[in-house]
Number of protein chains: 2
Amino acid sequence: MNFSDLSDRQRRILQFIYEFTNTHHYPPTIREIGDNVGISSTSVVNYNLSKLEDSDLITRDREVSRGLSLNVARLTELGWLPELNGNRVEGRFRIPILGKIAAGQPIPVIPSEPYDPEGWIELTEGMLNLPADRLFALRVQGNSMIDASVLDGDIVILHAQDTANNGEMVAAWIEDDEDTTLKYLRREGNMVHLMPANPNYQPIVRPADKVRINGRVVSVIRVLKPA
Amino acid sequence: MNFSDLSDRQRRILQFIYEFTNTHHYPPTIREIGDNVGISSTSVVNYNLSKLEDSDLITRDREVSRGLSLNVARLTELGWLPELNGNRVEGRFRIPILGKIAAGQPIPVIPSEPYDPEGWIELTEGMLNLPADRLFALRVQGNSMIDASVLDGDIVILHAQDTANNGEMVAAWIEDDEDTTLKYLRREGNMVHLMPANPNYQPIVRPADKVRINGRVVSVIRVLKPA
DNA sequence: CTTGACACCGCACAAATGTTCGTGTATGAT
DNA sequence: ATCATACACGAACATTTGTGCGGTGTCAAG
């Protein structure tokens with residue numbers, strides 16, 4: 001069984017159930033599915049739902065209104081859920097770790113390996129109150145970010161944006177240095193001051209047009225393994 | 001508004017919606033609620049649901065079968081969800097933030113306010129592969145841990161234990177200094193070396209019997225608010 | 001005592017919703 | 001050509017399910 005075995009309609013149905021459930025916190029009816037997937041007949045929706053149930057992708061409770069749910073475990077196992085939307089599952093969501101951030105390296109925009117098993121970090125909605133669809137993560141390599149109190153191996157969660165307010169921590173590409181770094185942003189006139197989190201280090205001051213913001217740092221996560 | 005304002009029935013209804021939804025992946029009907037909470041009349045269930053909606057504890061979609069959902073954010077905020085089910089919800093668990101860690105302060109063992117609205121952090125099982133029952137969290141106050149690359153406001157997740165291996169980061173009480181600190185542990189003979197994460201700072205060296213380990217640091221989490 | 005708010009009960013009704021059946025259209029195998 | 005199978009359509013049907021209304025009992029305020 002593979003997703004390619006599913007008809008286009010069945011994929012759309014899965015997609016819709018997922019989105020609807022996330023929005024309403026209860027599953028859709030057969031008619032709601034039909035209306036949104038473009039199926040006029042309830043029996044056709046029913047037919048396709050039965051197929052999906054046969055493939056064990058959804059669970060149905062008979063004679064119960066809205067009595068269906070996605071089989072999240074199965075879907076995840078088949079690597080499909082991430083395609084759906086922001087990678088959200090029941091109060092959790094997964095953020096792709098797009099690459100590494102290290103001295104002298106730009107941030108890659110496109111993930112080289114979109115479904116790298118190690119390429120995700122899963123957070124709860126409550127931790128960051130932000131929509132997941134513009135979040136991405138980077139793994140810090142080396143100790144070049146230690147002035148931002150970010151260590152080798154840390155994971156930095158960023159919100160993709162190309163501007164930021166004073167006082168926010170950003171990932172910025174510094175043209176002259178050919179370097180991406182994490183710093184607090186401060187604009188003064190036409191200059192940009194990039195301030196380290198740790199006051200024992202020196203700020204970087206550059207003309208605004210020599211600094212490109214990649215995203216705002218919304219979280220730093222360090223997981224320590226037992227020795 | 002407080003939970004004590006709710007009637008016993010309303011509390012049971014909340015509880016039932018929660019359990020039912022977790023089990024079935026869709027919300028219960030008015031009649032299912034009535035049957036399980038011991039209310040014979042659908043209108044009485046409806047009446048109480050409206051009350052709960054007024055208190056903003058649930059959301060209802062009118063004329064929609066099973067059109068209700070718990071307002072998890074609100075419930076969490078009021079500290080109620082933990083009572084429901086051992087702090088564990090569908091791959092997530094909550095860790096109590098027992099107190100603050102700052103220069104000169106010991107770590108409090110017992111939370112003063114068990115359901116402090118700000119007193120929890122919710123993680124996913126995947127993030128730390130550890131049982132939740134011996135984990136606790138501390139909020140860092142001040143910049144006294146900056147040598148461990150831990151900043152003011154960071155949350156430190158600890159595994160409660162009174163010994164640790166070389167190379168592990170621990171929270172330790174240093175008797176002479178009357179201070180709790182975060183450092184990497186290294187034993188050499190009868191001496192304990194507490195090494196900062198940032199090599200620009202100095203290690204602390206003490207006799208082993210003057211250092212008490214509170215727990216092993218398993219994670220550091222920093223959440224940055226937009227400016 | 002009366003009144004009104006509150007919580008509750010049953011029941012009937014209408015709307016929402018799943019199920020079933022008859023039918024049609026391709027496509028591929030026999 | 002014939003048959004089987006997968007997929008689709010629409011309409012009628014039966015259940016599920018939310019809503020509304022009349023009514024009951026309690027209790028405190030007027």
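Values below: all heavy atoms of this structure, side chains included; hydrogens, waters and symmetry mates excluded. Residue numbers start from 1 in every chain, and the chains themselves are labelled A, B, ... in the order their sequence lines are given, proteins ahead of strands.
Salt-bridge formation is detected for the pair Arg62(B)/Glu53(B): a Lys NZ or Arg NE/NH1/NH2 atom is positioned less than 4.0 Å from an Asp or Glu carboxylate oxygen. Salt-bridge formation is not detected for the pair Lys225(A)/Glu168(B): no Lys NZ or Arg NE/NH1/NH2 atom is positioned less than 4.0 Å from an Asp or Glu carboxylate oxygen.
With 3.5 Å as the limit, one finds no donor-acceptor pair spanning the side chains of Asn48(B) and Arg12(B). With no hydrogens or angles considered, no side-chain donor-acceptor pair links Ser219(A) and Arg222(B) at under 3.5 Å. If you check the side chains of Tyr184(A) and Asn166(A), you find no donor sitting under 3.5 Å from an acceptor. A donor and an acceptor atom, one from each side chain of Asn165(A) and Arg186(A), are nowhere located under 3.5 Å apart.
For the pair Asp35(A) CG and dA16(C) P, the computed distance is 12 Å after rounding to whole Å. One atom, CG of Asp54(B), and another, C1' of dA5(C), lie 15 Å apart when rounded to the nearest Å. Going from atom CG of Asp8(B) over to atom C1' of dC6(C) covers 17 Å, rounded to whole Å. Taking atom CG of Leu52(B) as the reference point, atom C1' of dC6(C) lies 15 Å away to the nearest angstrom.
The side-chain contact (heavy atoms from CB on, under 4.5 Å) test with Met145(A) singles out one residue from Asp152(A), Val220(A), Thr181(A), and that residue is Thr181(A).
Relative ring orientation between His24(B) and Phe20(B) is described as parallel, the plane-to-plane angle staying below 30° on a 0-90° scale split at 30° and 60°.
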Close N/O contacts between protein and nucleotides 5-7 of chain D (under 3.5 Å):
| unit_1 | atom_1 | unit_2 | atom_2 | d |
| --- | --- | --- | --- | --- |
| dC7(D) | OP2 | Tyr47(A) | OH | 2.8 |
| dC7(D) | O5' | Tyr47(A) | OH | 3.4 |

Where protein sits on nucleotides 17-25 of chain C, one letter per nucleotide: B base, S sugar-phosphate only, - none, heavy atoms under 4.0 Å: BBBBB----
